[in-house]
Amino acid sequence: MFPYPSGRIHMGHVRNYTMGDVLARYQRMRGFEVLHPMGWDAFGMPAENAAMEKGVHPGGWTRQNIAQMKAQLQRIGFALDWTREFATCDPEYYGHEQALFADLYEAGLVYRKESTVNWDPVDMTVLANEQVIDGKGWRSGAEVEKRKLNQWFLKITDFAEDLLAGLENLEDWPEKVRLMQENWIGKSQGLEFSFDLSNGERVPVYTTRPDTIFGASFVAVAADHPVAQALAMNNCDVASFIARCKKGGTTAAELETAEKLGFDTEISARHPLTGAELPVYIANFVLMDYGTGAIMGVPGHDQRDFDFATKYALPITRVVASDPARADDPFKGEAEAGDGVIVNSGFLNGMSVDDAIQAVITRAEGEGWGTGRTVWRLRDWGVSRQRYWGTPIPFIHCEACGVVPVPKDQLPVTLPDDVSFDIPGNPLERHPTWKHVDCPKCGRAALRETDTLDTFVDSSWYFLRFASQPADRPFDPEEVAKWMPVQHYIGGIEHAILHLLYARFWTRALAHIGKITVQEPFAALFTQGMVTHETYSQSTFGSTSHRTEYFSPDEVERRGNVTYIKGTDEPVLVGRVIKMSKSKKNVVDPDAIIARHGADAVRWFMLSDSPPERDLPWSDAGIEGCSRFVQRLWRLFSAYDAGAVGEDKSLDRKTHQTIAAVAADIEALGFNKAVARIYELTGAAEKSAPSASRSAAIRALVHMVAPMMPHLAEEVWAKIGGEGLIADAPWPAVDPALLVDDEVTIALQHMGKLRDTITAPKGASKDALEALALASANLQRSIDGAPVRKVIVVPDRLVNIVT
RNA sequence: GCGGGCGUGGUGGAAUUGGUAGACGCGCGGGAUUCAAAAUCCCGUUCCGCAAGGAGUGUGGGUUCGAUUCCCACCGCCCGCACCA
């Protein structure tokens, strides 16, 4: 529960927090101590954008948003522990973050290095990859430049192996998310070895398929590989080829269709095993930042190499064959990546792929021309942002002493308030006094670091601060040990990699330096679906352009089968049901719905119908139905009679079965199923005549809807004379004897087709059931005198006659 | 291309280990109530058929007494990653 305070709560928040609230309230009723906190991920870009656009201070804007959103959350009735509320822009919070950052620096997990960044020359700031659209800054529209800057990094790669291994134990995480993280970490094992070049240099290459080394027919280096760069100095053909490679688009579609391009350097490389001289190419499909930036090309068993070899008429040799007898058959237009037996490969012939991989690595290491190596896709985490509204990185640059951490007793390094956003760039950088400080070590004039931390750092440890909030430390390790790991972490799938990986890393890093004992922050993860709505639009087609205008749900009205702009005869196009978004205007404001239907109806809608992991299509008809159900419950509850007498055994059974089922459904997060059960019991209670059983059913219903519709439940609870708050009352007990029916319906089948149903006592013997079945006229008519070959009896379920 | 997920009525979706497909909600149809409407209540609502009956869970096959569920092939949609050597 750590939203970005963007200004207003949206339906996605409501859905997420309603699920969490139901769990929290339910578990409290079950007698557990529940920590259900709320805080604010309050640093970040939108506040600075607002400052630039509206001239308001990011801090004031953020605080105002928080106040507004908190009021909204309170209106919805979430049982949150507001005593633990904090925002990441509180100096107390980010001060502790600075101390932790300094601790990690001391432990060698923070470092600075020069790296290439996306630089927006108009806004004068670094942009994240996802903020660069078609090579242009998303805000300014300016052509983004690659710049080399000194940046702060966190050594997440030190934990790569552990982060990967830890996924195995996260059984209550969706398989999908674990897989995404696994791919992102991207472990691969292989061989690194070098080719001696005819120009006297050596080129190291990396391969995961050393077993195919005898099939290598060329060597290729990336366009920005040192070998290519050196050649470009004296050869403008090379230089222009490299430029051509770099110009290629970066979007997925462009990459997919990009043709393999190579430039023959006319240098040759000696194969370490065969001594053959292989041509060396500069190739556009080789990446400088993966492996060594150079590869051995094995066209027979790699599709990219195959495409390349085909284009440049290089030899294609089969070195792995599914059938060794056909080792020299021609290729069928594509590489053969499959498993098989090694052929045409000297000492490897006859081995399996796995054995050959080991054999080559062993031989390379023995002869000293290569080593087994593990390569990771995961990179260290660059946390520098040239921004104002973030946690200042607590370091000082001194000409004499170098990079010096701000002493702990001088933390927090707070943000100055007197900043301006009227010109682009980092206000901290151009502030007249803020960055000028004395070096803590030598006392001479020095400069404060003006970069602030990526906001993902703020959200990488907030859950520890929720556990306890001492003033002098970030958290109390005992409280952390008591509450962590988080038992129910609910969020959108968009956090699958970044936030969830960073938080896992921070938790490990803090454990590594002895601050906490827990390794994994989130024991169970649940990724909820989006709230969706259809879109309404009109398109206008000009001679050169085509424009689509969207309309919000309250700007349109439906008359018959057509949807019009309200109060007009202009029809709109009703589009697909997609995620609510401001740009498509298909949003519904929770406040407006609450004002109309009440918080309980909105909460109920969030839980009904759609399984929580799937998308929830918002509809007016749906919320109206929920609203009606609230009224219906109220009418039923109003008919409660504490003194009613008489027993309705079947209603008693239904009540207890429902209590047990709803509990199981809530625990499994099957809210839609719990809702359906409550509907059923409500219907049964309505149909039942007044009796003690009916009153008991009503009391049970009040308890069961309490976590979902707290307002109605509390109102009724008080009305029917309940003690205190129903939120504090225990979940109703279940009588196991009432969970089983004493009569069951038995399906009678002939050849697996249903012919009749009968009622039989629960637990009736197979023989008894068979006899009852054979007495069925419908079944006999179907059998029609045919000899019975077999009778299958599933007790309490069915009888199937086979003829 | 690689990886993952999903296909059930008009619609959102239910369905223990393979055992009565369509619970429950929405919508729709009919009726009651009302001067009328709203609200409410009752009945109906997978398809074909007057009925008996038949068909039916994306398509085609398979295993089984019995398949939404298991296996094989295919089609469609969605998501993630991507020239990762």
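In what follows, every chain begins at residue 1, and chains take the letters A, B, ... in the order their sequences are listed.
Between Tyr312(A) and Phe218(A), the distance from one ring center to the other does not fall under 6.0 angstrom.
Remark: Tyr290(A) is in phosphate contact with rA85(B), judged by side-chain N or O atoms under 4.0 Å from OP1 or OP2. Dashed line: the shortest gap from a side-chain N or O of Arg614(A) to OP1 or OP2 of rC78(B) is not under 4.0 Å. Contact check, Lys187(A) against rC84(B): no side-chain N or O comes under 4.0 Å of OP1 or OP2. Of the side-chain N and O atoms in Lys753(A), one or more sit less than 4.0 angstrom from OP1 or OP2 of rA55(B). Considering only side-chain N and O atoms, Arg755(A) lies under 4.0 angstrom from the phosphate OP1 or OP2 of rG54(B). Remark: Arg628(A) is in phosphate contact with rC26(B), judged by side-chain N or O atoms under 4.0 Å from OP1 or OP2. Note on Asn800(A): every side-chain N or O is 4.0 Å or more away from OP1 and OP2 of rG19(B). The side chain of Arg304(A) contributes an N or O atom lying less than 4.0 Å from OP1 or OP2 of rC84(B).
By the 4.0 Å N-to-carboxylate-O rule, Glu175(A) lies close enough to Arg178(A) to be salt-bridged with it.
We find that CG of Leu754(A) is positioned 13 Å from P of rA55(B), with the value rounded to whole Å. Here the C1' atom of nucleotide rU20(B) and the CG atom of Asn778(A) are 14 Å apart, to the nearest Å. The CZ-P distance, from Phe629(A) to rC26(B), rounds to 10 Å in whole Å. Between Glu613(A) atom CD and rA14(B) atom P there is a gap of 8 Å when expressed in whole angstrom units.
Nucleotide rU17(B) forms no Watson-Crick or G-U wobble pair with any nucleotide shown, as no partner meets the under 3.5 Å limit on both distances. Across all strands shown, rG29(B) forms a Watson-Crick or G-U wobble pair, both distances under 3.5 Å, with rC43(B). Pair check for rG53(B) finds rC48(B); Watson-Crick or G-U wobble, both atom distances under 3.5 Å. In this structure rG80(B) sits in a base pair with rC2(B), meeting the Watson-Crick or G-U test at under 3.5 Å.
Taking the six-membered ring where tryptophan is involved, the planes of Phe263(A) and Phe241(A) are tilted, since the angle between them lies from 30° to 60°. The aromatic rings of His533(A) and Tyr536(A) sit perpendicular, their planes meeting at an angle over 60°, well past the 30° parallel limit. Note on ring orientation: taking the six-membered ring where Trp is involved, the planes of Trp618(A) and Phe605(A) are tilted (angle from 30° to 60°).
Side-chain atoms of Lys260(A) and base atoms of rC83(B) include a donor and an acceptor less than 3.5 Å apart.
rG25(B) sits 28 Å from rU34(B) when the C1' atoms are compared, rounded to a whole Å. When the C1' atom is compared between rA14(B) and rG49(B), the two are found 28 Å apart, to the nearest whole Å. Taking the C1' atom of each, rG27(B) and rG22(B) are spaced 16 Å apart, rounded to whole Å. For the P atoms, the distance from rG62(B) to rU68(B) is 15 Å, rounded to whole Å. One C1' atom belongs to rG44(B), the other to rA37(B), and the distance between them is 24 Å to the nearest Å. Here the separation of rC78(B) from rG58(B), taken at their C1' atoms, is 15 Å to the nearest Å. Across the C1' atoms, rC26(B) and rC75(B) are found 31 Å apart, a figure rounded to whole Å. rC24(B) and rU46(B) have their P atoms separated by 12 Å, given to the nearest Å.
Counting non-hydrogen atoms under 4.0 angstrom, Thr757(A) reaches a base of the nucleic acid. Base engagement by Gln749(A) is indicated by at least one non-hydrogen atom pair under 4.0 Å involving a base atom. At a threshold of 4.0 angstrom between heavy atoms, the contacts of Thr745(A) include nucleobase atoms, whether or not backbone atoms are also involved. Within the nucleic acid shown, Val205(A) has no heavy atom closer than 4.0 Å to any nucleic acid atom. Leu179(A) comes within 4.0 angstrom of sugar-phosphate atoms only, judged by non-hydrogen atoms across all strands, and of no base. If you check every strand for non-hydrogen atoms under 4.0 Å, Asp305(A) touches nothing. Heavy atoms of Arg379(A) sit nowhere under 4.0 angstrom from any nucleic acid atom. Using a 4.0 Å heavy-atom criterion, one finds that Arg635(A) contacts the sugar-phosphate atoms exclusively. Across all strands shown, Tyr206(A) has heavy atoms under 4.0 Å from base atoms, whether or not it also approaches the sugar-phosphate.
The line from CG of Leu769(A) to CG of Leu798(A) is 9.5 Å long, rounded to the nearest 0.5 Å.
Side-chain atoms of Asn672(A) lie closest to rA14(B) of the nucleotides rG80(B), rA14(B), rA23(B). Out of rA82(B), rA85(B), rC26(B), the shortest distance to the side chain of Ser188(A) is found at rA85(B). Of the candidate nucleotides rG25(B), rG19(B), rG4(B), rG19(B) has the atom nearest to the side chain of Arg797(A). Among rA14(B), rA85(B), rG12(B), the nucleotide with an atom closest to any side-chain atom of Pro617(A) is rG12(B). Minimum atom distance to the side chain of Phe285(A) is reached by rC83(B), of the listed rU20(B), rC83(B), rC79(B). Distance from the side chain of Arg632(A) is smallest for rC41(B) among the nucleotides rA23(B), rU16(B), rC41(B). For Asn284(A), taking side-chain heavy atoms from C-beta onward, the closest of the listed nucleotides rC83(B), rU20(B), rC24(B) is rC83(B). Out of rU20(B), rA14(B), rA52(B), the shortest distance to the side chain of Arg781(A) is found at rA52(B).
Of the two residues contacting RNA chain B, namely Asn183(A) and Leu287(A), the nearest-nucleotide position lying further toward the 5' end is that of Asn183(A). Mapping Met288(A) and Gly622(A) onto RNA chain B via the closest heavy atom, the residue that lands nearer the 5' end is Gly622(A).
Relative to the six-membered ring of Phe331(A), Arg318(A) meets both conditions, a distance below 6.0 Å and an angle of at most 45° to the axis. Figure legend: cation-pi geometry between Lys260(A) and Phe285(A), with NZ or CZ positioned under 6.0 Å from the six-membered ring centre and within 45° of its axis.
A syn base is found at rG9(B): its glycosidic angle is within 90° of 0.
Side-chain atoms of His750(A) never come within 3.5 Å of backbone atoms of Arg755(A) as a donor-acceptor pair (strictly under, hydrogens ignored).
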